Amino acid sequence: MMKPNLIYIYIDDERHCPKEIQDAYVVLTARDYYGAIDIIKFCLSTDTAMYIDFDHDLGEGYSGYDVAKYIVENEIPMAGYTVHSQNPVGAWNIHQLLSHYGYGRFEV
């Protein structure tokens, strides 16, 4: 069985990934911080590229910003990212953190 070249990781505690993205990519959805970290670790263990679509507010506890911090602190490679959060300050913080550390933001 061939593995996908890219996993699209959709992080959101409530919303579903848009159908047009699901139709175009292999999508794994994380509903919280721990789910996102598990998917990231899976992609790393299988040497699969990942594109991450962040939401900031993930309910109680950790946020999408915490996921971004984990990525930066562990120097995890990403094919790119986007932020779809309804929280403008949280979205800006995620973008600022990742771009400061050289992560590219582009559409897949």
Side-chain angles (χ1 to χ4, degrees):
M1 180 170 94
M2 290 180 49
K3 69 176 184 169
N5 294 332
L6 177 80
I7 296 288
Y8 192 106
I9 303 172
Y10 188 79
I11 305 172
D12 197 303
D13 62 327
E14 294 181 356
R15 292 179 293 260
H16 295 285
C17 185
K19 185 174 178 357
E20 60 271 9
I21 293 172
Q22 292 181 33
D23 290 345
Y25 303 99
V26 174
V27 177
L28 296 177
T29 300
R31 295 291 179 202
D32 59 22
Y33 171 85
Y34 297 105
I37 301 307
D38 285 346
I39 293 171
I40 290 167
K41 287 179 178 179
F42 167 77
C43 289
L44 289 171
S45 73
T46 59
D47 197 30
T48 303
M50 61 189 110
Y51 183 91
I52 302 180
D53 192 339
F54 290 90
D55 182 22
H56 180 270
D57 302 319
L58 299 177
E60 296 293 321
Y62 292 105
S63 68
Y65 184 80
D66 294 305
V67 176
K69 284 194 324 188
Y70 178 87
I71 290 166
V72 167
E73 290 168 355
N74 291 283
E75 299 178 356
I76 294 171
M78 287 190 297
Y81 75 93
T82 193
V83 182
H84 68 268
S85 181
Q86 298 290 325
N87 177 332
V89 173
W92 178 252
N93 288 339
I94 292 169
H95 173 65
Q96 287 296 104
L97 175 67
L98 293 174
S99 63
H100 176 77
Y101 285 96
Y103 288 93
R105 180 180 182 179
F106 57 88
E107 297 300 317
V108 289

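The residues of the chain are indexed from 1 along the displayed sequence. These numbers come from a predicted model, not from an experiment.
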Contact list for [range], test salt bridge (Lys or Arg N to Asp or Glu O under 4.0 Å), sequence neighbours left out:
range	result
residues 20-41	Lys19-Asp23
residues 5-14	Asp12-Arg15
residues 65-74	Asp66-Lys69

For this session: Step by step, work out the side chain to side chain contact (heavy atoms under 4.5 Å, CB included) result for Met78 and Ile9.
Result: CA-CA 11 Å; Met78 287 190 297; Ile9 303 172; over 6 Å; no
For this session: Please name all residues satisfying ring pair (Phe, Tyr, Trp, His ring centres under 6.0 Å) with Tyr62, sequence neighbours left out, ordered by chain then number.
Result: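 For Tyr62, the residues satisfying ring pair (Phe, Tyr, Trp, His ring centres under 6.0 Å) (neighbours in sequence not counted) are Tyr33, Tyr34.
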Please examine the side chains of [Y] and [X], heavy atoms only from C-beta on, and report whether any two atoms are closer than 4.5 Å.
X	Y	value
Asp55	Val83	no
Leu44	Met50	yes
Tyr8	Thr82	yes

Problem set entry | Partner residues of Asn87 under the side chain to side chain donor-acceptor pair (under 3.5 Å) criterion, sequence neighbours left out | Asp57
Exercise. Rounded to the nearest 0.5 Å, what separation is found between the CD1 atom of Ile7 and the OG1 atom of Thr48?
Worked result: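 Going from the CD1 atom of Ile7 to the OG1 atom of Thr48 covers 5.5 Å.
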Problem set entry | Inter-residue atom distance Leu6.CG - Cys43.SG, 0.5 Å rounding |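 Between Leu6 CG and Cys43 SG, I get 8.5 Å after rounding to 0.5 Å.
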For this session: Determine, step by step, whether Ile11 and Val67 satisfy the side chain to side chain contact (heavy atoms under 4.5 Å, CB included) criterion, reporting the C-alpha distance in whole Å, the side-chain angles of both residues, the deciding distance to 0.1 Å, and the verdict.
Result: CA-CA 9 Å; Ile11 305 172; Val67 176; 3.9 Å; yes
Exercise. Do Tyr10 and His84 have ring centroids that are under 6.0 Å from one another?
Worked result: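 Yes, the ring of His84 comes within the 6.0 Å limit of the ring of Tyr10, centre to centre.
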For this session: List the atom of Ser85, the atom of Ala91, and the distance in Å for their closest heavy-atom pair.
Result: CB-CB, 4.1 Å
For this session: Using side-chain contact (heavy atoms from CB on, under 4.5 Å) as the criterion, list what pairs up with Ala68, not counting sequence neighbours.
Result: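 Testing Ala68 for side-chain contact (heavy atoms from CB on, under 4.5 Å), a comparison that skips the adjacent residues, returns Phe54, Ile94, Leu97, Leu98.
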Exercise. In terms of hydrophobic clustering (I, L, V, M, F, W, Y; side-chain heavy atoms under 4.5 Å; direct or indirect links), are Trp92 and Tyr81 co-clustered?
Worked result: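 No, it is not one cluster - the side chains of Trp92 and Tyr81 are not joined through contacts under 4.5 Å.
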Exercise. Gln22 side chain to Val27 main-chain N or O, any donor-acceptor pair under 3.5 Å?
Worked result: no
